**Student:** 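This is the structure I have questions about; it appears just below.
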Amino acid sequence: MRLDELGDWRRTHLSNEITPELASAEVTLMGSVVDVRDLGGIKFLILRDAGGTIQVTAPKAKTSRRILAKIDSLSKESSIAVRGKVVTAKQAPRGMEVVPTDIKLLNAAITPLPLDPTGRVKADLDTRLDSRLLDLRRPKTMAIFKIRHKVLQIVREFLVSKGFIEVNTPKIVATATESGAALFPISYFEREAFLGQSPQLYKEILTGCFDRVFEIGPIFRAEEHDTTRHLNEVTSVDIEAAFVTQEDVMRILEELIVRVFNRVKQRCAGELKVLKHDLKEPNPPFPRITYGEALKKLDDAGVKVPWGQDLPTPAERRLGELVGGTFFVVDWPTETKPFYIMPHKDDPKLCCAFDLMHEGLELASGGTRIHQEKLLIKQLRQKGLNPKRFESHLKNYRWGLPPHSGFGLGLDRLVMVLTGAKNIRECVLFPRDRRRLVP
Ligand code: AMO
């Protein structure tokens, strides 16, 4: 099929900008072919662009043979440009339609497609992820990523308003930070390096100059599990603040969560409707239960978790049912949490760490950090880590690093609960899991 050049054609309007005031105006639209229908005397072409869809209507009696033939030649999802006149039409889905004066086929899509982008033909998630571009043209998938985009804006607005500075730290690193989470080794010239598990150590150091920092970036976890809530590359919203404790950052997190739910409800009503998701806003203050209380509740419900173990996924789910809604788990065993978490002064078996749970899903974790070098070295040794390997980090503690606290919030999981998605893969453009490295 002969393709046309884009040439000097440029889009004048998006489909959602075609309003009654534009009646009789000449417009140029650009997008993809959703469908072509022939209803006897009229040919209809539905065009989709970033604004939505619009009907292009070609009455056979008034349209040139060349344009009619062109419409006939268009396969679904082909990339096109349409020049035409805006006409008011009560029967058209938007009340307005465009009568074409010229059409360009810019790139043709194959037939049949591996996936139906209207979403009418059901496909399993793997098939959808294999053809992600087509999947992303489905209204429901599109709605998830529009919400994700808004969440990022809301989070940035909020943190900046609280005095946080956005930073970017290296993702190629020399050491582990999160005990329990495995590292991805990479070859770094003649040395071994790793993909960063968390910006943890960098964000802590940066409190020594910027006072309050946040980073939204990828974290890598070489974990084998294949669940609906874990991936090997995720985006985390990390914050760290000087001169505050766990209590203060828990309040910041609570305010942030409430803000995000509220603003998404306000600003993404259309997307939530497409997703048929009735978003329930969590009520502050979020209840707090201790790790010990959580284990007791689970034990009473017949779920045994040995003291000192992190909560496995089934226990998290059950705890979510038992407590309900959004809540904090505090007073974790020191042995369960990473080396940088401050042990309780009176009872060093417990530490100043918290997890934020939402309906049985861990959304965030954080705590008060150790800011004294001696104690940090002791904790490193206790975790079986060699302080020598952390020398470039430890020296910062000799330069008057302030007391500080922070948290890491899983963006993908947050988007899951905001959109009602049951699988984290729905909320990541190109997810990375145990089996998937492409697309
Ligand atoms: P943690 O390891 O708990 O803490 O990670 C923080 C949050 O990131 C998300 N997350 C994940 N989401 C999906 N798949 C995964 N494999 C995965 N791993 C983590 C979760 C989790 O709550 N440095 C600390 C944070 C801090 O203390 O500031 C850390 O990385 O939502």
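Every value quoted in this text rests on a predicted model; they were computed, and no experiment measured them. Order of appearance sets the numbers: ligands from 1, and atoms from 1 within every ligand.
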**Student:** Can Asp4 and Lys104 be counted as an ion pair, charged N to O under 4.0 angstrom?
**Tutor:** no

**Student:** Phe407 heavy atoms, cut-off 4.0 Å: which ligand 1 atoms fall inside?
**Tutor:** 26 (C), 28 (O)

**Student:** Side chain or backbone, does Glu178 bring an N or O within less than 3.5 Å of an N or O on ligand 1?
**Tutor:** yes

**Student:** Using a strict 4.0 Å cut-off to heavy atoms of Arg229, name the atoms of ligand 1 that fall inside it.
**Tutor:** 13 (C), 14 (N)

**Student:** Is Asp35 salt-bridged to Arg37, cutoff N-O under 4.0 Å?
**Tutor:** yes

**Student:** Looking at ligand 1, is there an atom of it that comes within less than 4.0 Å of some heavy atom belonging to His225?
**Tutor:** no

**Student:** Using a 4.0 Å cut-off to any heavy atom of Gly366, which atoms of ligand 1 qualify?
**Tutor:** 27 (O)

**Student:** Show the atoms of ligand 1 that are less than 4.0 angstrom away from any heavy atom in Glu223.
**Tutor:** 16 (N)

**Student:** Applying a heavy-atom cut-off of 4.0 Å, say which part of Phe354 lies close to ligand 1: side chain, backbone, both or neither.
**Tutor:** neither

**Student:** Which ligand 1 atoms does Gly410 reach within 4.0 Å, using its non-hydrogen atoms?
**Tutor:** 7 (C), 8 (O), 9 (C), 31 (O)

**Student:** Hey, does Leu231 come in under 3.5 Å of ligand 1, counting only N/O atoms on both sides?
**Tutor:** yes

**Student:** Is there a polar contact between ligand 1 and Gly367, counting only N or O atoms under 3.5 Å apart?
**Tutor:** no

**Student:** May I ask which of Pro431, Gly406, Ser365, Pro199 has a heavy atom nearer to atom 3 (O) of ligand 1 than the others do?
**Tutor:** Ser365

**Student:** Taking the six-membered ring where the residue is Trp, are the ring centres of His358 and Phe261 under 6.0 Å apart?
**Tutor:** yes

**Student:** Can you list the atoms of ligand 1 that are under 4.0 Å from a heavy atom of Ser198?
**Tutor:** 23 (N), 30 (O)

**Student:** Find all atoms of ligand 1 within a distance of less than 4.0 Å from any non-hydrogen atom belonging to Lys203, and give their numbers and elements.
**Tutor:** 26 (C), 28 (O)

**Student:** If you measure from atom 12 (N) of ligand 1 to every heavy atom of Lys337, Gln200, Arg413, which option wins on shortest distance?
**Tutor:** Arg413

**Student:** Output a table of donor-acceptor pairs, distance under 3.5 Å, between side-chain atoms of residues 166-173 and any protein atom two or more places apart or on a different chain; print 'none' if there are none.
**Tutor:**
from   : atom 1 : to     : atom 2 : distance (Å)
Glu166 : OE1    : Arg156 : NE     : 2.8
Glu166 : OE2    : Arg156 : NE     : 3.1
Glu166 : OE2    : Arg156 : NH2    : 2.8
Thr169 : OG1    : Lys171 : NZ     : 3.2
Thr169 : OG1    : Glu215 : OE1    : 2.7
Lys171 : NZ     : Thr169 : O      : 3.2
Lys171 : NZ     : Glu215 : OE2    : 2.8

**Student:** If the cut-off is 4.0 Å to any non-hydrogen atom of Ile424, which atoms of ligand 1 fall inside it?
**Tutor:** 13 (C)

**Student:** Between the side chains of Asp310 and Lys337, is the shortest nitrogen-to-carboxylate-oxygen separation below 4.0 Å, so that they form an ion pair?
**Tutor:** no

**Student:** Listing request: all ring-ring contact (aromatic ring centres under 6.0 Å, His included) pairs with a residue in residues 217-260, at least two apart in sequence or in separate chains.
**Tutor:** His225-His230

**Student:** Should Ser236 be listed as contacting ligand 1, given a heavy-atom distance under 4.0 Å as the test?
**Tutor:** no

**Student:** Between the side chains of Asp278 and Lys280, is the shortest nitrogen-to-carboxylate-oxygen separation below 4.0 Å, so that they form an ion pair?
**Tutor:** yes

**Student:** Indicate whether the side chain of Thr245 and that of Glu247 have a donor and an acceptor atom separated by less than 3.5 Å.
**Tutor:** no

**Student:** Check step by step if side-chain contact (heavy atoms from CB on, under 4.5 Å) holds for Asp49 and Arg11.
**Tutor:** CA-CA 11 Å; Asp49 59 20; Arg11 171 189 284 140; 4.0 Å; yes

**Student:** With nothing but distance in play, are any N or O atoms of Val234 less than 3.5 Å from an N or O of ligand 1?
**Tutor:** no

**Student:** Where does Arg221 meet ligand 1, judged by heavy-atom distances below 4.0 Å: at the side chain, the backbone, both, or neither?
**Tutor:** side chain

**Student:** For ligand 1, which part of Arg369 has a heavy atom less than 4.0 Å away: the side chain, the backbone, both, or neither?
**Tutor:** side chain

**Student:** Does this structure show an ion pair linking Asp300 with Lys296, if we count only N-O contacts that are shorter than 4.0 Å?
**Tutor:** yes

